[in-house]
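Notes to accompany the following structure.
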Amino acid sequence: MSTATDKRKAPAGERVADWADGRLGIYSLAKANMRKIFPDHWSFMLGEVALYSFIIIILTGVYLTLFFHPSMNEVEYHGSYVPMQGVLMSEAYASTLDISFDVRGGLLIRQIHHWAALIFLAAMMVHMMRVFFTGAFRKPREINWLFGFLLFVLGMFTGFTGYSLPDDLLSGTGVRFMQGAILSVPVVGTYLSMFLFGGEFPGGDIVARFYSIHILLLPGIMLGLLVAHLILVFYHKHTQFAGPGRTNNNVVGMPLLPIYMAKAGGFFFLVFGVISVISAIASINPIWALGPYRPDQVSTGAQPDWYMGFSEGLIRVMPGWEVNLWGHTLVLGVFIPLVIFPLVLATIAVYPFIESWVTGDKREHHILDRPRNAPTRTAFGVAWLTWYFVLLIGGGNDLWATHFHLSINSITWFVRIFFFAGPVLAFIITKRICMGLQRRDKDKVLHGRESGIIKRLPHGEFVEVHEPLTQEALHTLTAHQQYTPRELGPTVDENGVERKVSRTERLRARLSKAYYGKDNQVAKPTVEEYKEITSGHGHH
């Protein structure tokens, strides 16, 4: 009787996985990273909204490229949109009309693509504000902050090139605005304009060039930055808010697989669904109501998308200054805003390095700050947002005037005044609010939480009963680090020789004092103070 046993083959999927693992090392890579822990906090979803919106933009953009013709050749329209029958227009505009009215689902896909772009940039901005206000950009994440900042800036220009492609009257007005800004650059402005447009404005190449930039160059760079951004998130591990058991050396949360991936997958479809609903019920960029672009016309109430509004506000509220030098006119009313815009963006980009230099803090930080415990940084962030929204009003001064029956000159002067006063007031008010919240936290730690219960003591005094905080709440309110400002130290050494202090060192000490001086942080309650209050006769 034979006792030979049959060797069963492994399933096909398992054989393919073994084959791939033997050549790519997928299993070992997955084993090391698929159980990676991610903290659970609602604010971390802001970055996910941006990521999912970007994926939606890519998917819908691929569909739209199948039907769009990036050409400025003039054709006569004979599509299904009757009011435009027989009108001369570019092929780009005609193909956009065809997508909107003749391609199945084309208008909905256009709407989803545009709304996803707006939400992508809005989510990135809010995500960056979360990173800024909580100090998540500190070492070792300065490079990742730069990657995120570049994603935001490239997203702005990708959006600009995208809504310029249909060659309608609104987008053409925006391109004309951009061309005027380029012409204001001394010496080389005219050459840059001729190179970009392929001749005199509007030329015949701008749509084709914007198309290549919009679908190839900028998305390719953004995709590379996004991958690098996510790799660094994995490598550095995720930041987390202070709490019991959370330190710089661990992460408290859920594993990537299966919990986090399941939640993330569901959240992606939720974001996709919300964007689809918005796109189905809220019309955006109805090019058929505007008509094709003509250089001798401009649409009323022409406004860029929100992320470009503050750059337009800079130019709209700037006085029309001009200087004539050696027979050449320097248009300062356009050139100065053109210089301010990149300088502000550059300051935001390098802020982590500025703060690190001022404070001298070179340690790694994986625990986030509460914004109130970093009042100077928080005040800077609110001041910048105030400045941004003031300029956003300036960018839409005509709509504010018509909708609220105001004088456009009054709005312009309001923006000019609050361009300087608004950020200063916001900085002072925000800093005072942060200090007040710090004092309230200290009082809450020492005296507990107000319960609203009034108690009468034996001698007739009425007091409110305070409930003691839980250990978790006490830890959250007292876990933050407090810094001491940098000191110049003795200016004379032990031999009586005067030490020369550089201006840079003096400036650094003053800025450090502005960040961490006595007016910027309330001392945390000590253990002795807590024991004295909680064990004393006056604690109720």
Side-chain angles (χ1 to χ4, degrees), residues 39-44 129-130 133-136 239-254 359 361 365-383 425-485 487 512-540:
D40 188 15
H41 193 272
W42 67 266
S43 65
F44 300 146
M129 287 299 100
R130 196 277 300 174
F133 286 124
T134 59
T239 55
Q240 57 187 342
F241 286 96
R246 299 173 184 176
T247 67
N248 273 319
N249 301 317
N250 70 346
V251 179
V252 177
M254 63 187 81
T359 61
D361 187 2
H365 294 272
H366 303 289
I367 301 295
L368 299 173
D369 287 335
R370 299 175 77 202
R372 67 187 63 180
N373 294 326
T376 302
R377 180 202 302 148
T378 303
F380 274 131
V382 175
L425 291 174
F427 183 90
I428 295 171
I429 293 171
T430 303
K431 202 168 181 181
R432 290 180 65 88
I433 291 174
C434 288
M435 295 301 294
L437 291 174
Q438 286 188 43
R439 294 186 185 96
R440 191 187 71 170
D441 287 347
K442 182 175 182 178
D443 185 70
K444 191 182 292 185
V445 169
L446 294 176
H447 300 283
R449 182 180 291 106
E450 296 178 357
S451 65
I453 300 174
I454 305 300
K455 179 181 178 181
R456 184 179 182 183
L457 300 181
H459 57 275
E461 179 187 1
F462 288 91
V463 296
E464 182 180 11
V465 177
H466 285 211
E467 297 176 352
L469 299 181
T470 63
Q471 289 299 315
E472 181 177 355
L474 287 172
H475 184 278
T476 301
L477 295 178
T478 58
H480 59 281
Q481 296 179 340
Q482 292 196 305
Y483 302 89
T484 56
E487 300 290 345
S512 179
K513 186 177 180 180
Y515 265 78
Y516 299 127
K518 63 179 182 179
D519 295 330
N520 293 276
Q521 54 186 356
V522 176
K524 291 193 296 184
T526 63
V527 176
E528 292 74 18
E529 288 178 322
Y530 180 75
K531 289 181 178 179
E532 181 181 354
I533 291 291
T534 54
S535 62
H537 298 291
H539 183 73
H540 305 289

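Throughout, residue positions are numbered sequentially from 1 according to the sequence presented.
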- Message: Holding to salt bridge (Lys or Arg N to Asp or Glu O under 4.0 Å), I want the full list of residues that pass it with Asp40, two or more places apart in sequence or in another chain.
- Response: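 Lys263.
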
Sequence neighbours excluded, which residues qualify as side chain to side chain contact (heavy atoms under 4.5 Å, CB included) partners of [X]?
X      : answer
Ala473 : Leu469, Thr470
Ile453 : Ser451, Val465
Pro371 : Phe133, Thr378
His365 : Arg138, Asp361, Arg363, Gln481, Tyr483

Taking side-chain hydrogen bond (donor to acceptor under 3.5 Å, both in side chains) as the definition, give me every residue that meets it alongside [X], ordered by chain and number, with sequence neighbours left out.
X      : answer
Tyr515 : Tyr351
His475 : none
Ser43  : His41
Asn250 : Thr247

Looking only at non-hydrogen atoms, find the nearest pair between [X] and [Y] and report the distance.
X      : Y      : answer
His480 : Leu477 : CE1-O, 3.3 Å
Cys434 : Pro375 : CB-CB, 3.6 Å
Thr476 : Ala242 : OG1-O, 4.1 Å
Gly245 : Val252 : O-CG2, 3.8 Å
Arg377 : Thr134 : NH1-C, 3.8 Å
Tyr516 : Thr359 : CE1-CG2, 3.0 Å

- Task: Could you note down all residue pairs passing side-chain hydrogen bond (donor to acceptor under 3.5 Å, both in side chains) where residues 428-441 supplies at least one of them, sequence neighbours left out?
- Result: Arg370-Asp441, Arg372-Asp441, Lys431-Asn520

Once you round to the nearest 0.5 Å, how far does [atom1] of [X] lie from [atom2] of [Y]?
X      : Y      : atom1 : atom2 : value
Ile367 : Gln240 : CD1   : CD    : 4.5 Å
Lys442 : Leu437 : NZ    : CG    : 15.0 Å
Thr484 : Gln521 : OG1   : CD    : 8.5 Å
Asp369 : Thr239 : CG    : OG1   : 10.5 Å

- Task: Step through the shown structure and confirm whether more than 12 heavy atoms of other residues, nucleotides or ligands are within 6.0 Å of NZ on Lys524.
- Result: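 Yes - once you tally the heavy atoms of other residues, nucleotides and ligands closer than 6.0 Å, there are more than 12.
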
- Decide if atom CD of Gln471 counts as having more than 12 heavy atoms of other residues, nucleotides or ligands within a radius under 6.0 Å.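 Not more than 12 within 6.0 Å, no.
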
- Message: Can a donor-acceptor pair be found, under 3.5 Å and without considering hydrogens, that links the side chain of Glu450 to the backbone of Lys444?
- Response: no

